[in-house]
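Taking it in order: structure first as structure tokens, then the write-up.
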Amino acid sequence: MSDFEHVHETPPPGAAADWTIAQDWRSYSQVEHDTWDTLYARQMQVLPGRASDAFLNGLHALDLNAGGIPDFAVINPKLQALTGWTVVCVPGLVPDAVFFDHLANRRFPSGQFIRKPDQLDYLQEPDIFHDVFGHVPMLTDPDFADYMQAYGQGGQRAAGLGVLPQLARLYWYTVEFGLMQTTAGLRIYGAGIVSSATESVFALEDASPNRIAFDLERVMRTLYRIDDFQQVYFVIPSIEALKAETLKDFAGVYERLQGAEDIAVDAVLAEDDVLTRGTQAYAGRGGRFAA
Ligand SMILES: [Fe+2]
């Protein structure tokens with residue numbers, strides 16, 4: 001997640017110039033390893049039949065259920081052999097330019113810490129479970145791997161053009177909260193969904209959210225919420241199609257977006273290809289904060 005406020009402008013003490021830190025796998029306690037195992041088991045109760053094949057295959061290929069928090073020294077050679085990506089540790093959220101540089105070089109920055117046992121359901125900052133369980137399996141898919149690198153390269157260009165908020169929405173509605181159409185039905189590929197037991201069910205099955213066919217400019221104009229389940233999910237036809245979108249020249253896209261108004265999270269436009277028109281009942285009740 002690149003779009004949160006961050007505290008530091010320069011690497012904190014102990015971090016390298018590119019903001020990476022050692023994972024120091026031996027420093028994790030048994031309680032922390034158990035937290036990973038608990039979260040993993042809980043997700044596997046809900047993900048078969050809901051998560052995309054690309055995600056489930058990646059999970060299997062990297063053997064992320066070998067017992068406790070994965071050791072990057074063990075999973076990186078497997079990931080690198082598949083798509084050239086590696087995972088690196090960072091001390092929390094990093095500046096946009098640092099984040100984009102890692103992605104552009106096929107390095108995925110992950111938090112080092114894991115949530116406490118009493119915070120299993122909701123965290124404000126991404127931890128290693130969100131980052132590794134949620135994001136890394138998709139990086140084993142060759143097309144998704146290319147898409148993520150292209151996103152990092154696009155971020156470096158967008159920063160100079162003043163269109164980072166628009167590009168961040170693309171990341172949000174694909175990498176974090178994307179759904180995919182398959183012959184077997186809708187499936188999840190977004191890390192923010194697959195790492196949440198409750199949103200995995202909500203995103204696919206609840207009547208509240210809108211589910212709208214992916215359109216690049218529509219997505220880049222749409223606001224999002226970071227504090228609760230999404231009110232709209234965008235559905236890609238395939239990972240190949242998503243990757244093809246990023247191979248377009250964004251210059252014309254950005255030009256058109258300059259004069260375009262932002263779109264509210266619950267809006268449905270006349271030109272939308274709507275798969276599910278949501279009731280918005282969940283948000284209407286106050287969502288997570290309902291009494
Ligand atoms: Fe994330």
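Any value given below was found using the heavy atoms of this structure, including those in side chains, with hydrogens, waters and symmetry copies removed.
- Distance check, rounded to the nearest 0.5 Å: CZ of Arg157 to CZ of Phe100 gives 11.0 Å.
- Taking all atoms of both residues into account, the shortest heavy-atom contact from Ala104 to Gln149 is O-NE2, 2.9 Å.
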Exercise. Between Met138 and Ile239, does a side chain to side chain contact (heavy atoms under 4.5 Å, CB included) hold up when you go through it step by step?
Worked result: CA-CA 10 Å; Met138 290 301 293; Ile239 301 171; 3.8 Å; yes
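- When the options Arg221, Arg169, Arg218 are evaluated for a salt bridge (Lys or Arg N to Asp or Glu O under 4.0 Å) with Asp262, the one that passes is Arg169.
- For Asp37, there are no side-chain hydrogen bond (donor to acceptor under 3.5 Å, both in side chains) partners at least two apart in sequence or on another chain.
- Partners of Arg107 by salt bridge (charged side-chain N to carboxylate O under 4.0 Å, His left out), not counting sequence neighbours, listed by chain and number: Asp101.
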Exercise answer: donor-acceptor pairs, residues 77-88 side-chain atoms, under 3.5 Å, sequence neighbours excluded:
residue, atom, partner, partner atom, Å
Thr83, OG1, Leu139, O, 2.7
Trp85, NE1, Ala145, O, 3.2

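- A distance-only check finds a donor-acceptor pair linking the side chain of Thr174 to the backbone of Leu170 [under 3.5 Å].
- For Trp172 and Phe177, the ring centers sit closer than 6.0 Å to each other.
- Applying the side-chain contact (heavy atoms from CB on, under 4.5 Å) rule to Leu275 yields the partners Gln181, Leu186, Arg211, Ala213, Val235; only residues at least two apart in sequence or on another chain are considered.
- Applying the side-chain contact (heavy atoms from CB on, under 4.5 Å) criterion to Ala197, with sequence neighbours excluded, gives Arg42, Gln43.
- Residue Arg288 places its CZ atom among more than 12 non-hydrogen atoms of other residues, nucleotides or ligands, all under 6.0 Å distant.
- Atom CG of Leu59 is separated from atom OG1 of Thr140 by 9.0 Å, given to the nearest 0.5 angstrom.
- Note that CD1 of Ile212 and CD1 of Ile263 are 8.5 Å apart. Values are rounded to the nearest 0.5 Å.
- Formation of a donor-acceptor pair under 3.5 Å by the Trp19 side chain with backbone atoms of Leu93 is not found in this model.
- At most 12 non-hydrogen atoms from other residues, nucleotides or ligands lie less than 6.0 angstrom from CD of Glu261.
- When atom types are taken as modelled, the side chain of Asp272 and the backbone of Val274 share no donor-acceptor pair closer than 3.5 angstrom.
- In terms of the salt bridge (charged side-chain N to carboxylate O under 4.0 Å, His left out) criterion, residue partners of Asp127 (sequence neighbours excluded) are, by chain and number, Arg115.
- Not counting sequence neighbours, Phe214 has no partner by the ring-ring contact (aromatic ring centres under 6.0 Å, His included) test.
- Between the side chain of Gln230 and the main chain of Arg225, a donor-acceptor pair closer than 3.5 Å is present.
- Within 6.0 Å of the CD atom in Glu255, the count of heavy atoms belonging to other residues, nucleotides or ligands does not exceed 12.
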For this session: Dump the intermediate steps for ring pair (Phe, Tyr, Trp, His ring centres under 6.0 Å) on Phe133 and Phe55, then the final yes or no.
Result: CA-CA 10 Å; Phe133 181 92; Phe55 177 84; 5.5 Å; yes
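- In this pair, Phe108 and Phe99 present their aromatic rings perpendicular. The plane angle is above 60°, beyond the 30 to 60° band.
- For His135 (side chain) and Ser110 (main-chain N/O), no donor-acceptor pair under 3.5 Å exists by modelled atom type.
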Exercise. Does the side chain to side chain contact (heavy atoms under 4.5 Å, CB included) test come out yes or no for Val175 and Tyr151, once each step is laid out?
Worked result: CA-CA 10 Å; Val175 178; Tyr151 182 85; 5.8 Å; no
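- The side chain to side chain donor-acceptor pair (under 3.5 Å) analysis of residues 201-210, with sequence neighbours excluded, yields the pairs Arg50-Glu205, Asp206-Ser208.
- With sequence neighbours excluded, the residues that form a side-chain contact (heavy atoms from CB on, under 4.5 Å) with Pro70 are Trp36, Leu64, Ile75, Val132.
- When the salt bridge (charged side-chain N to carboxylate O under 4.0 Å, His left out) test is applied to Glu245, the partners found at least two apart in sequence or on another chain are Lys248.
- Listed by first then second residue, pairs satisfying side chain to side chain donor-acceptor pair (under 3.5 Å) with a partner in residues 53-72 number zero, not counting sequence neighbours.
- Tyr147 and Asp141 form no side-chain donor-acceptor contact under 3.5 Å, judged by distance and modelled atom types alone.
- Within the structure, side chain to side chain donor-acceptor pair (under 3.5 Å) pairs that include any residue of residues 188-199 comprise His130-Ser195, Ser196-Thr198, Glu199-Tyr233 (at least two apart or interchain).
- Side-chain atoms of Ser200 come within 3.5 Å of backbone N or O of Ile193 as a donor-acceptor pair.
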